[in-house]
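Working notes, structure below.
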Amino acid sequence: MGLTSSSTGSNLLSDDIEILKNKCDYTIAIAGNPNVGKSTVFNSLTGLHQHTGNWPGKTVSNAMGVTSFKDMDFLLVDIPGTYSIMSNSEEEEIARDYICFGNPDCTVIVVDATCLERNLNLVYQILEITNKVVVCVNLLDEAKKKGIEINFDKLSAKLGVPVVGTIARKKKTLKNLMDKV
């Protein structure tokens with residue numbers, strides 16, 4: 001038996017998401033490993049100050065916010081950080097269920113430029129589910145300090161999806177991300 005909405009509990013996806021989806025032009029899931037800057041990207045784009053964390057005792061759920069770009073409204077869904085969509089924990093289950101059954105128009109996968117190879121596992125897993133993906137290579141400022149350079153065109157060609165570099169605290173780099181979305 002494969003993954004279905006009834007076998008995963010994704011039928012419990014928030015009604016709030018559906019209400020906001022109907023008010024927006026597009027829905028964008030923001031996925032990635034823990035501590036890659038997903039919530040910073042989310043907060044910078046939405047103007048919210050969502051505080052998230054993946055530790056025992058912390059409530060783990062999807063955060064939602066709206067941003068406007070080029071006369072369109074985007075519902076952004078910041079899903080919990082996960083290393084895999086093979087659910088072993090509550091946050092991985094929530095992330096997997098939204099990616100598989102939340103039907104986002106695009107999934108932005110945020111990866112850490114300083115340890116790209118570790119983050120690509122999740123990228124490949126999500127690409128097996130959907131090709132509606134933009135890879136957001138974040139923390140370019142930290143990578144520069146470590147002498148790391150990334151060829152975005154080559155990475156995009158290898159993955160078959162758009163790849164954009166960002167420093168999540170700098171809105172100019174997030175404009176480039178939204179252009180790709």
#### Entry: Non-neighbouring partners of Arg118 that pass salt bridge (charged side-chain N to carboxylate O under 4.0 Å, His left out), sequence neighbours left out
none
### Query
CD1/Ile94 to CD1/Ile99 distance, rounded to the nearest 0.5 angstrom?
12.0 Å
### Message
Main chain of Val41, side chain of Ser44: is a donor-acceptor contact present, judged purely on distance under 3.5 Å?
### Response
no
### Summary
By side chain to side chain contact (heavy atoms under 4.5 Å, CB included), Asn35 pairs with (sequence neighbours left out) none
### Query
If you measure only the distance, is there a donor-acceptor pair under 3.5 Å linking the side chains of Asn119 and Asp112?
no
### Message
Tell me the closest heavy-atom pair linking Thr82 and Leu122, and the distance in Å.
### Response
O-CD2, 3.3 Å
If you look only at distance, which donor and acceptor atoms sit under 3.5 Å apart when one is on a side chain in residues 68-76 and the other is two or more places apart or in another chain?
{"from": "Ser68", "atom 1": "OG", "to": "Asp73", "atom 2": "OD1", "distance (Å)": "2.6"}
{"from": "Lys70", "atom 1": "NZ", "to": "Asp179", "atom 2": "OD1", "distance (Å)": "2.9"}

### Query
Taking the side chain as C-beta and beyond, is there a heavy-atom pair between Ile28 and Val77 under 4.5 Å?
no
### Task
With sequence neighbours left out, write down each residue that passes side chain to side chain contact (heavy atoms under 4.5 Å, CB included) with Asn151, or none if nothing qualifies.
Asp153, Lys154
### Query
What closest approach, in Å, do Glu91 and Gly81 show between heavy atoms, and which atom pair accounts for it?
CG-O, 3.7 Å
### Task
Find the distance between CG (Leu174) and OG1 (Thr40) and round it off to the nearest 0.5 Å.
9.5 Å
### Query
With no hydrogens and no angle check, is any side-chain donor or acceptor of Gln125 less than 3.5 Å from a backbone partner on Ile85?
yes
### Task
For the pair Lys38 (side chain) and Ile79 (backbone), establish whether a donor and an acceptor sit closer than 3.5 Å, ignoring hydrogens and angles.
no
### Query
In Å, rounded to the nearest 0.5 Å, how long is the span from CG of Asn33 to SG of Cys115?
7.5 Å
### Query
Are Tyr83 and Val108 linked, directly or through other ILVMFWY residues, by side chains that come within less than 4.5 angstrom of each other?
no
### Task
Answer yes if Tyr98 and Leu127 sit in the same cluster of Ile, Leu, Val, Met, Phe, Trp and Tyr residues linked by side chain heavy atoms under 4.5 Å apart, and no otherwise.
yes
### Message
Quick check for you: to the nearest 0.5 Å, what is the distance between Ile30 atom CD1 and Leu45 atom CG?
### Response
6.0 Å
### Query
Looking at CG of Asn121 and CE of Met86, how far apart are the two atoms once the value is rounded to the nearest 0.5 Å?
9.0 Å
Which pairs would a plain distance check flag for residues 132-146, meaning a side-chain donor or acceptor within less than 3.5 Å of a matching protein atom at least two apart in sequence or in another chain?
{"from": "Asn138", "atom 1": "OD1", "to": "Thr166", "atom 2": "OG1", "distance (Å)": "3.0"}
{"from": "Asn138", "atom 1": "OD1", "to": "Ala168", "atom 2": "N", "distance (Å)": "3.0"}
{"from": "Asn138", "atom 1": "ND2", "to": "Val36", "atom 2": "O", "distance (Å)": "2.9"}
{"from": "Asp141", "atom 1": "OD2", "to": "Arg169", "atom 2": "NH2", "distance (Å)": "2.9"}
{"from": "Glu142", "atom 1": "OE2", "to": "Lys145", "atom 2": "NZ", "distance (Å)": "3.3"}

#### Entry: Closest non-hydrogen atom pair between Ala31 and Ile126, with its separation
CB-CD1, 4.1 Å
### Task
Taking the side chain as every heavy atom from C-beta outward, state whether Val161 and Ser156 have any pair of such atoms under 4.5 Å apart.
no
### Task
Please report the shortest heavy-atom distance between Val110 and Gly37, naming the atom on each side.
CG1-C, 4.3 Å
#### Entry: Thr46 side chain to Thr67 backbone, donor-acceptor under 3.5 Å
no
### Query
Can you pull the ring-ring contact (aromatic ring centres under 6.0 Å, His included) pairs that have at least one residue in residues 109-136, sequence neighbours excluded?
none
### Query
Roughly how far, to the nearest 0.5 Å, is the OG1 atom of Thr27 from the CE atom of Met64?
10.5 Å
### Least distance between heavy atoms, Ile150 atom then Ala113 atom
CD1-CB, 3.7 Å
#### Entry: Pairwise side-chain contact, Asn62 with Asp78, heavy-atom cut-off 4.5 Å (strictly under)
no
### Query
What are the two closest heavy atoms between Val163 and Leu155, and how far apart are they?
CG1-CD2, 3.9 Å
